[in-house]
Number of protein chains: 2
Amino acid sequence: MEGRINRIKKQLHAQKYKLTPQREATVRVLLENEQDHLSAEDVYLLVKEKAPEIGLATVYRTLELLSELKIVDKINFGDGVSRYDLRREGASHFHHHLVCIECGSVDEIQEDLLGEVEKVVERKWHFKVKDHRLTFHGICHRCLEKHEEENRLNKEKEFEKEPEKV
Amino acid sequence: MEGRINRIKKQLHAQKYKLTPQREATVRVLLENEQDHLSAEDVYLLVKEKAPEIGLATVYRTLELLSELKIVDKINFGDGVSRYDLRREGASHFHHHLVCIECGSVDEIQEDLLGEVEKVVERKWHFKVKDHRLTFHGICHRCLEKHEEENRLNKEKEFEKEPEKV
DNA sequence: TCAATTAAGTATAATCATTTTCAAATTATA
DNA sequence: TATAATTTGAAAATGATTATACTTAATTGA
Ligand SMILES: [Zn+2]
Ligand SMILES: [Zn+2]
Ligand SMILES: [Zn+2]
Ligand SMILES: [Zn+2]
């Protein structure tokens, strides 16, 4: 954690920005909730718990700054709010997302699935890829398992009835 | 065009919705600007030219309805507005986009690039893919060509100077 | 050190896209 | 035709984000 903060501090300094206490508090919240996909409001409320004097505008500005420096990625899942996702250290590409249309969960795929696809795009469309956004919408493994379980139970019921019919 | 409208009409009727004059006008604008990526406001202004009495709220409602029926896809390129994209007839998947970070243009890729990737996602992450959003950010072929042209001209200049130096 | 400059922060107001409300108009149903 | 249900348009409300005005903290350089 501290190492990570220090490296982010260096990234800021490299662009003549300071890691002020408010910015540090914001970064800490992002680090502590790395697997989540927090909106600016979410971040604000979490930062407030530790640094109650911070303003919402500062959080927005900090997130915008971190976005510009590619420390966080801004992403929108179609619910009207931007969400901020810490870029994994050493990651050359923005990770992918699995959005469940049943339970609303958002899972991540860190593995790069687009290497070949990007080669095709560069060759065939003459487009120099710098970044990407890939989101799948569908049914997550938890919901799929739930369905299987329900099917199993239903079949059992069917089975109980069968003998009566025969 | 008329055939396309009729098929959309049937899709609406199948779900007990009517193709009112306002809805038809909206669909026509989408058809006439199929290669664009119009915002609700854009659609509103274009519809107004032909049906000046229409209200913005009606356009929003119509676009929302068409979204639900999968006749249009709603997409967000990160500029704070939703854009509405007619789904191509017979297309099983939402097409992909190339957003140029230099000139802002948005090009489309109709070809399905994710077939293999989706198989991997289903197998490895146990996620049942229903839809996807794939956008590449980078430099479009027009801007790349412009750069090449500039480089060529610069080299020519260099070449002109060379003799003086020698 | 200390005044001057600059960067960053806060609170509030403004903006802008989108949604909601509600009365009027249209269309379907009995 | 009367009645109910759907759809619309105008205006108001909402909610996320950005801009403004002022304050505070940090930096600079005599
Ligand atoms: Zn789920
Ligand atoms: Zn993520
Ligand atoms: Zn371009
Ligand atoms: Zn498109």
Side-chain angles (χ1 to χ4, degrees), chain A residues 8-9 11-29 37-69 71-85, chain B residues 8-30 37-69 71-85:
Chain A
I8 289 173
K9 191 173 184 173
Q11 283 180 269
L12 284 168
H13 287 167
Q15 309 284 327
K16 307 288 175 215
Y17 293 112
K18 291 170 260 189
L19 184 64
T20 63
Q22 291 89 339
R23 286 176 182 166
E24 182 172 336
T26 304
V27 170
R28 278 183 192 279
V29 162
H37 296 87
L38 304 175
S39 66
E41 184 82 27
D42 295 336
V43 173
Y44 172 63
L45 293 175
L46 288 167
V47 173
K48 266 209 144 207
E49 289 177 9
K50 294 183 182 170
E53 71 294 343
I54 201 169
L56 178 57
T58 301
V59 171
Y60 268 102
R61 276 187 299 244
T62 300
L63 292 171
E64 191 56 37
L65 177 62
L66 295 172
S67 265
E68 275 167 28
L69 300 189
I71 294 165
V72 308
D73 286 298
K74 193 172 174 179
I75 190 168
N76 190 304
F77 293 123
D79 61 349
V81 293
S82 292
R83 296 177 181 280
Y84 298 84
D85 216 348
Chain B
I8 289 172
K9 190 173 184 173
K10 276 188 195 126
Q11 284 180 267
L12 284 168
H13 287 167
Q15 310 284 325
K16 308 289 175 212
Y17 293 111
K18 291 168 258 191
L19 184 66
T20 63
Q22 292 90 336
R23 287 174 182 167
E24 182 172 336
T26 304
V27 170
R28 278 184 193 279
V29 162
L30 292 173
H37 296 89
L38 304 174
S39 67
E41 184 83 28
D42 294 337
V43 173
Y44 171 65
L45 292 174
L46 288 167
V47 173
K48 264 208 148 218
E49 290 176 9
K50 295 180 179 172
E53 71 294 342
I54 201 169
L56 178 56
T58 301
V59 172
Y60 269 102
R61 279 187 293 239
T62 301
L63 292 171
E64 190 56 36
L65 177 61
L66 295 172
S67 265
E68 274 167 30
L69 300 188
I71 294 166
V72 308
D73 286 299
K74 194 174 177 179
I75 190 167
N76 190 303
F77 293 123
D79 61 349
V81 295
S82 292
R83 297 180 178 279
Y84 298 85
D85 216 348

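We name chains A, B, ... by the order of the sequence lines, and we start the count at 1 in each one.
- Summarising the geometry, the separation between OH on Tyr44(A) and P on dG9(C) is reported as 14 Å, rounded to the nearest angstrom.
- Ile75(A) contributes atom CD1, which lies 11.0 Å from atom OG of Ser67(A) (distance to the nearest 0.5 angstrom).
- The ring pair (Phe, Tyr, Trp, His ring centres under 6.0 Å) check on Tyr44(A) picks up nothing, with sequence neighbours excluded.
- For Lys50(B), the salt bridge (Lys or Arg N to Asp or Glu O under 4.0 Å) partners at least two apart in sequence or on another chain are Glu32(B).
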Nucleotide-resolved protein contact map, nucleotides 15-21 of chain C, B/S/- at heavy-atom distance under 4.0 Å | --SBBBB

Pairs under 3.5 Å (N/O, protein and nucleotides 4-6 of chain C):
none

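- The salt bridge (charged side-chain N to carboxylate O under 4.0 Å, His left out) analysis of residues 54-64 of chain B, with sequence neighbours excluded, yields the pairs Glu64(B)-Lys74(B).
- On the nucleic acid side, DNA chain D has its first and last nucleotide under 4.0 Å of a heavy atom of chain B at dT6(D) to dA10(D), going 5' to 3'.
- Atom CD1 of Ile54(A) is separated from atom P of dA8(C) by 14 Å (rounded to the nearest Å).
- Contact annotation: Thr20(A) side-chain N/O to dA7(C) OP1/OP2 distance is not under 4.0 Å.
- When the side chain to side chain contact (heavy atoms under 4.5 Å, CB included) test is applied to Asp73(B), the partners found at least two apart in sequence or on another chain are Arg87(B), Phe94(B), Asp131(B), Arg133(B).
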Val47(B) and Thr58(B): CA distance, side-chain angles, deciding distance, side-chain contact (heavy atoms from CB on, under 4.5 Å) verdict | CA-CA 11 Å; Val47(B) 173; Thr58(B) 301; over 6 Å; no

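- Taken to the nearest 0.5 Å, the CD1 atom of Ile8(B) stands 10.0 Å off from the CG atom of Leu69(B).
- Taking atom CD on Gln22(A) and atom C1' on dG9(C), their separation rounds to 6 Å, with Å as the unit.
- The stretch residues 40-49 of chain B participates, sequence neighbours left out, in these salt bridge (charged side-chain N to carboxylate O under 4.0 Å, His left out) pairs: Asp42(B)-Arg83(B).
- A search for side chain to side chain contact (heavy atoms under 4.5 Å, CB included) contacts involving Ala40(B) returns Tyr60(B), Leu63(B), Tyr84(B), not counting sequence neighbours.
- Legend: side chain to side chain donor-acceptor pair (under 3.5 Å) pairs involving residues 13-29 of chain A, not counting sequence neighbours, sorted by first then second residue: Glu2(A)-Arg28(A), Glu24(A)-Arg28(A).
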